[in-house]
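In listed order, ligands and their atoms are each counted from 1.
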Amino acid sequence: MKTILTGVKPTQLPHWGNYLGAILPALSLSQGKDVKSALFIADYHALTTIHDPEIMKEMTYGVAATWLACGLDPERALIYRQSDVPETFELAWILSCFTPKGLMNRAHAYKAKVQENQEQGKKDLDFGVSMGLYTYPILMSADILLFSADEVPVGEDQIQHVEIARDIAQKINNTYGELLKLPEFVTQKGKLIPGLDGRKMSKSYGNHIPLFLDSKKLRKMIMKIKTDSSPPETPKDPNVSLIFDFYKEFATDEQIQDLRKRYENGIGWGEAKQALFEVVDEKLSPMRDKFYELMADKNYLNKLLKEGSDKAREEASQLVSKLRQAMGLGAS
Ligand code: TRP
C-alpha cells in the first residue's frame with residue numbers, strides 16, 4: 001500500500017491551470033491500485049497571509065468543494081483540515097528541534113523575500129518575514145511525515161520543501177532509528193498550461209480563467225482571447241493557437257481532429273472561440289453545479305471534514321506517540 005498525500009493552501013479558487021496541471025494529475029494518481037490517498041487543506045499555512053476569518057473559512061470550504069466537484073471520492077480518499085489535526089503542530093515543534101537554522105535560510109520563499117527587500121533597499125532584510133513564513137517548510141514537513149507519505153504530488157516550487165522533509169526525517173532517523181518514512185515528490189513534467197497572454201497561467205499574472213465561471217462569463221472571457229486579424233477563409237495553424245491549445249485540454253480526440261481540419265480549411269476566430277466555449281462548458285458545467293451545490297451545504301462539508309480529521313488523528317497520534325516514546329518525552 002502506497003500513501004499519496006496532497007496539501008492545498010486555501011488562498012484562491014481554482015483556475016484552469018490548477019485544474020489541468022495539479023488537480024487532475026493528483027486525482028489520477030490517487031485512483032491507482034493499492035493507493036491510500038489523503039487530501040488536506042493547509043489552512044495553518046494560509047495563516048501566513050490570510051488574516052480575515054471569513055475569507056479563511058470560505059476558502060477552506062472552497063478547496064474541499066473544488067476537489068469533491070472535480071471527482072475526489074470521499075469514500076476512498078481521506079479529506080481533512082490541517083487545523084483539525086493538532087498532532088501536526090506537535091510534530092512541527094519536534095522537527096524544528098532537528099532543523100538547522102541554515103536550512104531555513106536557504107528555503108526559496110524566504111530567500112525570495114530577502115532578495116526583494118534587498119532590491120528595494122530596505123535596511124532590515126527580514127522586513128515582512130514572520131516566523132510562520134520562515135519556518136513554513138517545517139510545518140509542511142510535519143504534514144507529510146505525520147502520515148508516512150510515500151509520494152507527494154507538488155508543483156515545481158514545492159519540490160525543495162519535500163526535500164527538506166526528507167532531510168529532517170533523516171536526521172531524526174539517524175538519532176532514534178527508522179521512525180519516519182522518507183517521502184518522494186511527484187511533479188507533472190512538461191505540463192504547462194498557458195494563460196490568456198500565453199505565459200504560464202497564474203493568478204499573479206492576471207491571465208487566468210477561473211474554473212467555475214458561469215456560462216455567460218466563461219463565454220465572454222473566451223471571446224476576449226487575442227487573435228490576429230487574418231480573415232476567416234485563411235488557413236490557420238492549430239499548432240500556434242492558444243484557442244487550439246485550450247481546446248486540446250478539454251475535447252475528445254475526435255473533436256480535436258475535427259477542429260484541426262476546420263483550422264486548416266480556414267475558420268473564423270469567432271467560430272473557433274465558440275467551439276472552445278462549447279466544449280469547455282459541456283465539460284465543466286456538471287462540476288460547476290456540484291461545486292455550488294456543495295458550497296450551499298456547509299453542514300455536509302463540515303461533517304465530511306470532521307470525519308476525515310477523526311480518522312487522520314487516529315493515525316497521526318500513533319506516530320507522535322512513537323516519537324515521544326523514542327525521545328523520552330511525556331509519561332509512558
Ligand atoms: N506548500 C504547499 C503549497 O503552497 C501546500 C502544502 C502544505 C502542502 N503542506 C503540504 C503540499 C504538504 C503537499 C504536502 O502549494
Side-chain angles (χ1 to χ4, degrees), residues 2-15 17-19 21-27 29-30 35-50 56 59-60 62-64 66-67 72 77-92 95-96 99 104 107-113 130 132-169 180-188 191 193 200-204 208 308-309 312 315-316 319:
K2 195 163 74 174
T3 300
I4 297 181
L5 178 95
T6 308
V8 181
K9 247 191 330 185
T11 45
Q12 59 168 76
L13 288 178
H15 53 64
N18 303 132
Y19 172 66
I23 299 177
L24 273 189
L27 282 175
L29 265 185
S30 74
V35 164
K36 203 173 102 188
S37 76
L39 167 83
F40 74 94
I41 302 151
D43 51 355
Y44 263 121
H45 275 110
L47 191 60
T48 56
T49 51
I50 297 190
M56 183 69 90
M59 285 295 183
T60 298
V63 170
T66 295
W67 283 73
L72 183 92
L78 202 56
I79 174 166
Y80 57 91
R81 264 194 198 102
Q82 182 188 35
S83 59
D84 286 336
V85 183
E87 287 77 6
T88 310
F89 314 104
E90 188 170 353
L91 179 57
L95 299 183
S96 75
T99 308
M104 293 298 98
H108 294 322
Y110 172 64
K111 266 174 55 182
K113 192 77 197 169
S130 67
L133 172 70
Y134 187 61
T135 61
Y136 185 106
I138 300 179
L139 183 55
M140 180 156 160
S141 300
D143 297 327
I144 297 169
L145 300 172
L146 194 57
F147 294 98
S148 306
D150 294 281
E151 290 180 5
V152 186
V154 286
E156 304 266 325
D157 61 324
Q158 298 294 315
I159 291 177
Q160 190 196 29
H161 294 156
V162 182
E163 288 171 341
I164 289 174
R166 289 176 65 94
D167 283 357
I168 305 174
L180 299 170
K181 165 98 58 82
L182 303 191
E184 309 272 350
F185 61 83
V186 187
T187 47
Q188 219 32 38
K191 185 97 180 165
I193 309 302
K200 179 184 168 163
M201 187 179 286
S202 160
K203 195 171 176 211
S204 52
H208 63 296
S309 66
E315 203 178 314
L319 186 95

Decide if atom NZ of Lys200 counts as having more than 12 heavy atoms of other residues, nucleotides or ligands within a radius under 6.0 Å.
no

How are the rings of Tyr80 and Phe40 set to each other: parallel, tilted or perpendicular (split at 30° and 60°)?
parallel

First-shell residues of ligand 1 [heavy atom, distance under 4.0 Å]
Gly7, Lys9, Phe40, Ala42, His45, Tyr136, Met140, Asp143, Ile144, Val152, Gln158

Does some side-chain heavy atom of Val152 sit less than 4.5 Å from a side-chain heavy atom of His161?
no

Nearest 0.5 Å, what's the CG-OG distance between Leu91 and Ser96?
9.5 Å

Are side-chain N/O atoms of Thr60 and Asp43 paired as donor and acceptor at under 3.5 Å?
no

Tyr44 atom OH: more than 12 heavy-atom contacts under 6.0 Å:
no

